Amino acid sequence: MSMRIGILGGTFNPIHYGHLRLGIEVMERTGLDKIILVPNYLPPHKAAPRVSAQDRLAMCSLAAQSCPSFMVNDYEISKGHLSYTIETIEHLQKLYPEAIFSFITGADSLVKSVWHRLDDILERLEAFYVVNRPGITIDELQEKLEELKLLQLEKVIWIDAPGLDISSTHIRDYLAQRRSVKFLLPDSVLEYIRLRQLFVE
Ligand code: ATP
Ligand code: MG
C-alpha cells in the first residue's frame, strides 16, 4: 500500500509543541503514516534575532527526533528565496513517487496567507486539512473559502482538534524577556536555543 504523507509547512521560528500536536492529531484522525515538516524560507528582515534558516531547520530536526512519524525536508530553506507551496509539493512527489500527499495547515494560515494556485495544489493532493486555531472563527474561514472559489472544495477538510494555545511569537517574546519557555517546546530544542543563544537581542 502507498505511504500517505502529510506536509506541514511553517516558519517554525521556533518549532513548538503546538506544531507537533497538530501533526499528531491530524495523523491519527486521518490515518496518515508520516508527517514531513517543511520549514519555509524567511526573508532576512523577518528573521528573529540571531536565528538563521539553518537554526530553524536544526530545531525541526531535533523535534522530529523525538517522534518516529516525523520527518524534515529542507527544500524551501535550501532554495534561499521565496518558494511556492505548489513547487514544494512537486518536489516531494518526485522524491517519494509512490506516496500519496496531503497538506496540513492551521486555520490562521489558511485565512491570512495569499494562496498561489490553490486549485493546482488540490489537484496533486489527497486532502488539504485545515485545523482550528484559537482566534479564527468558522465564519472567517467560510468567507476565505468563498473568496478562493475552489473547484475542488471537497478536498478541503476541516479538522476540529483540541490544540495547544502556543505560538512561536509568544515563545520569542518570552525568550527576549529572558523568561522560561520550558514545557512549550521539546527540551532538545530548548537546549539548542540556550547553547546558540538564539532569540535574545
Ligand atoms: P508565529 O507566531 O511566528 O506565526 P506560529 O506559532 O504561528 O508562529 P508557524 O510556523 O507560523 O507557527 O505555523 C506553522 C503551521 O502550524 C501553521 O499552519 C499554523 O497555523 C500551525 N500552528 C502553529 N501553532 C499552532 C498551534 N498551537 N495549534 C495549531 N496549529 C498551530
Ligand atoms: Mg503563524
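Positions are given from 1, in the same order as the sequence printed here. All ligand and atom numbering here is 1-based and tracks the order in the structure. Please read all numbers here as calculations on a predicted model, not as lab measurements.
Atom 11 (O) of ligand 1 has as its closest protein heavy atom Thr11 OG1, 3.9 Å. Looking only at protein heavy atoms, the nearest one to atom 25 (C) of ligand 1 is Arg133 NE, 3.3 Å. Of the protein's heavy atoms, His19 NE2, 3.4 Å lies nearest to atom 13 (O) of ligand 1.
Within the listing of ligand 1, atoms 14 (C), 15 (C) sit less than 4.0 angstrom from a heavy atom of Gly9. For ligand 1, the atoms closer than 4.0 angstrom to any heavy atom of Ser109 are 17 (C), 18 (O), 19 (C), 20 (O). For ligand 1, the atoms sitting less than 4.0 Å from at least one non-hydrogen atom of Thr105 are 18 (O), numbered in the order shown with element in parentheses. Near Gly10, meaning under 4.0 Å from any of its heavy atoms, are these atoms of ligand 1: 10 (O), 14 (C). Under a 4.0 Å criterion applied to the non-hydrogen atoms of Leu22, ligand 1 contributes the atoms 16 (O), 21 (C), 30 (N). Of all the atoms in ligand 1, the ones that sit under 4.0 Å from a non-hydrogen atom of Arg172 are 3 (O). Close approach to Ser167 involves these atoms of ligand 1, each under 4.0 Å from a residue heavy atom: 2 (O), 6 (O). Below 4.0 Å from some heavy atom of Phe12 lie the following atoms of ligand 1, by number and element: 10 (O).
To the nearest 0.5 angstrom, Thr85 atom OG1 is 5.0 Å from Trp115 atom CH2. In this structure, CG on Leu175 lies 8.5 Å from CG on Leu198, to the nearest 0.5 angstrom. To the nearest 0.5 Å, atom NE2 of residue His170 and atom CZ of residue Arg172 are 11.5 Å apart.
Relative to atom 19 (C) of ligand 1, the option among Asp108, Ile166, Leu42, Leu164 with the closest non-hydrogen atom is Asp108. Distances from atom 2 (O) of ligand 1 to the heavy atoms of Leu37, Asp173, Thr169 put Thr169 nearest.
Ligand 1 has no N or O atom lying under 3.5 Å from any N or O atom of Asp165, backbone or side chain. By the 3.5 Å distance cut-off applied to N or O atoms, Gly106 is counted among the residues near ligand 1.
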Let me check something: any side-chain donor-acceptor pairs from residues 93-101 under 3.5 Å, sequence neighbours excluded? List them with distances.
unit_1, atom_1, unit_2, atom_2, d
Gln93, OE1, Arg124, NH1, 2.4
Gln93, NE2, Arg124, O, 2.9

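Contacts between Arg21 and ligand 1, counted as non-hydrogen atom pairs separated by less than 4.0 Å, are absent for every part of the residue. Contacts with ligand 1 closer than 4.0 Å are made by side-chain heavy atoms of His16 only, the backbone lying farther away.
Judged as a side-chain hydrogen bond (donor to acceptor under 3.5 Å, both in side chains), the pairs with a partner in residues 26-36 (not counting sequence neighbours) are, in order, Glu25-Arg29.
The shortest separation from a heavy atom of Gly163 to ligand 1 is not under 4.0 Å, leaving the residue out of contact.
Linking Ile, Leu, Val, Met, Phe, Trp and Tyr whenever their side-chain heavy atoms come within less than 4.5 Å puts Ile166 and Ile193 in one cluster.
For the residue pair Ser83 / Glu76, no side-chain donor-acceptor distance below 3.5 Å is found, with atom types taken as modelled.
In plain terms, the two heavy atoms of His116 and Ile121 that are nearest each other are O-CD1, 3.7 Å.
Annotation: Lys79, atom NZ; neighbour count of heavy atoms from other residues, nucleotides and ligands within 6.0 Å is above 12.
Salt-bridge check for Arg194 with Glu191: passed, with a basic side-chain N closer than 4.0 Å to an acidic carboxylate O.
Residues His16 and Leu164 have side chains not in contact (no heavy-atom distance under 4.5 Å, counting atoms from C-beta outward).
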